[in-house]
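Here's the structure we're looking at; comments come further down.
The model shown is predicted, which means the values in this text are computed figures rather than measured ones. In what follows, chains are A, B, ... by sequence order, proteins preceding strands, each numbered from 1.
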2 protein chains.
Amino acid sequence: MRPQGPRNTRQRILEAAETAFGNEGYSGTRLHHIAERVGVQKASLFHYFTSKEHLYCAVLDEGAGQAEEIVKHVLESEGEPIDKIRALLRVCIDMVVTYPERTKIQLRQSLGDAPPGFQPTDASERMLCLVADLVASDELAKSLSPIDPFAFVLGLMGMVAFFFTSGPVVAPSWFGQQDAASVRDRIERHVNEVMERCLDGQSHAAKSSAVL
Amino acid sequence: MRPQGPRNTRQRILEAAETAFGNEGYSGTRLHHIAERVGVQKASLFHYFTSKEHLYCAVLDEGAGQAEEIVKHVLESEGEPIDKIRALLRVCIDMVVTYPERTKIQLRQSLGDAPPGFQPTDASERMLCLVADLVASDELAKSLSPIDPFAFVLGLMGMVAFFFTSGPVVAPSWFGQQDAASVRDRIERHVNEVMERCLDGQSHAAKSSAVL
DNA sequence: GTCTATATAGGGATAGAC
DNA sequence: GTCTATCCCTATATAGAC
């Protein structure tokens, strides 16, 4: 999935930066480390990017572009809405598993981790809306009953991101001594099950309101 | 809910630090800012805490202690398991809403944001296990069918944390021009509904496996 | 396009007066 | 217990040779 073959220095810097920003955060990332990993001197980075902030933004753009492409591809494909939803969950998990650091960057950013003068785009929100619109389409809306389509999408996405990035740290024993493939499989099955139960569950408003 | 009344300097430093570490991350936090917010000089912080790392750990301990207390209180109360689960979800949301920065710190930490030599405790995992054990109790296990109790708890927790901390940044328009109370209400209803549908949904293994 | 060397700033931490 | 002043290190960024 990840692009292979010989990459130019710029590309290798971008990849090293993605790893660093994801694992260390924006402030925690040292350009020195990025240069080290690429195998060049720190000063060389400034030949490709004018500043740390510029590098950060370039990493972000790269990721956002790919994500948008993939989601649109699914949305524009042939098929029933319900199948598209299932496919979207799958590609979402694919993205998170293939680019864990990228996911971490996005999570960090949503916690406020970004360069001082950084302006977040509404690209991710527009994508969320597209998916939410699909969920709200006639057929699905019936089975969803009173669940807010947008909250449904946002919540599942958050759950997926949390499982793969935070999960291993919060609950190492559960993820434990297993290979990445079977961990992914377990999580994927679980999230799928949650989604399906949400999708064709009847309203439990009676129970829910009894709780309040 | 938040302790009121006159607080000593130490306490005010801890609170300011919690805010800073949550919003800026460990590396992004400047001791200068914390001192500023408290209204003392930077050097004064070192009278109470020997280092930035020490301060960070103190903030963490404070939060972990309170959380453990609250969860244990619910677990040891009288009542049906199902009602305890509902109560736990409620207190979890309470915690996140009351101490958003504390939640952010925990999320950040699970992404790898911590002092260089920091050793995470397994306190949160032990708590998760206690709750998962409750979910796995005879009565509940039946209705849960093939859902992994631990994944169930972990996933819901992640969803709640994500909704309140990342949600407003990722999807500002959805949280939009509403007061905090109604936003909380919407999210709480949604997560409750998801939980209920998971709890009494039948297995959809047939459907799920068709997806794979 | 990559290097060495250096400028500049900012932040954590300490010393010591009050 | 709080302050002022300062040390020391590290990190971003620049200059200029090759």
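Atom pair A:His54:NE2 and D:dT14:P shows a separation of 13 Å (rounding to whole Å applied). Per the geometry, CZ belonging to A:Arg12 stands 13 Å off C1' belonging to C:dT2, to the nearest Å. Atom NZ of A:Lys52 is separated from atom P of D:dT12 by 5 Å (rounded to the nearest Å). We find that CZ of A:Phe49 is positioned 12 Å from P of C:dT2, with the value rounded to whole Å. The separation between A:Gln41 atom CD and D:dA17 atom C1' is 15 Å, rounded to whole Å. Rounded to an integer number of Å, the gap from CG of B:Leu31 to P of D:dC8 is 20 Å. Across the protein-nucleic acid pair, B:Ile34 atom CD1 and D:dT2 atom C1' stand 17 Å apart, rounded to whole Å. The interatomic distance linking A:His33 (NE2) with D:dT12 (C1') rounds to 14 Å, in whole Å.
A donor-acceptor pair under 3.5 Å is absent between the side-chain atoms of B:Lys104 and the main chain of B:Asn23, judged by distance alone. Checking side-chain atoms of A:Thr103 against main-chain N and O of A:Tyr99 turns up a donor-acceptor pair under 3.5 Å. Checking side-chain atoms of A:Arg197 against main-chain N and O of B:Arg197 turns up no donor-acceptor pair under 3.5 Å.
Closest contact between the side chain of B:Arg30 and the listed nucleotides D:dG1, C:dG11, C:dG12 involves C:dG11. Relative to the side chain of B:Tyr48, the nucleotides D:dC3, D:dG1, C:dA5 differ in distance, and D:dG1 lies closest. Of the candidate nucleotides D:dT2, C:dT2, C:dG12, C:dG12 has the atom lying nearest to any side-chain atom of B:Phe46. The side chain of A:Ser44 sits closest to C:dT2 out of C:dT2, C:dT14, D:dT12. Residue B:Ala43 places its side chain closer to C:dA15 than to any other of D:dT2, C:dT4, C:dA15.
Applying the 4.0 Å criterion to OP1 and OP2 of D:dG1, one finds that B:Thr9 has every side-chain N and O outside that range. Residue A:His47 places at least one side-chain N or O under 4.0 Å from the OP1 or OP2 atom of C:dG1.
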A:Phe163 vs A:His190, test: ring-ring contact (aromatic ring centres under 6.0 Å, His included). Steps then yes/no.
CA-CA 10 Å; A:Phe163 258 119; A:His190 176 74; 5.6 Å; yes
Which atoms of nucleotides 7-9 of chain C (N or O only) lie under 3.5 Å from a protein N or O atom, and what are those distances?
none

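Scanning atom types as modelled, one donor and one acceptor separated by under 3.5 angstrom connect the side chain of B:Lys42 and the base of C:dG12.
Aromatic ring pairs are classed by plane angle as parallel below 30°, tilted from 30° to 60° and perpendicular above 60°; the pair B:Tyr56 and B:Tyr26 is perpendicular.
The stretch residues 69-78 of chain B participates, sequence neighbours left out, in these side-chain hydrogen bond (donor to acceptor under 3.5 Å, both in side chains) pairs: B:Glu68-B:Lys72.
Here B:Ser27 lies out of heavy-atom contact (under 4.0 Å) with every strand.
Distance CG/A:Leu31 to CG/A:Leu55: 7.0 Å, rounded to 0.5 Å.
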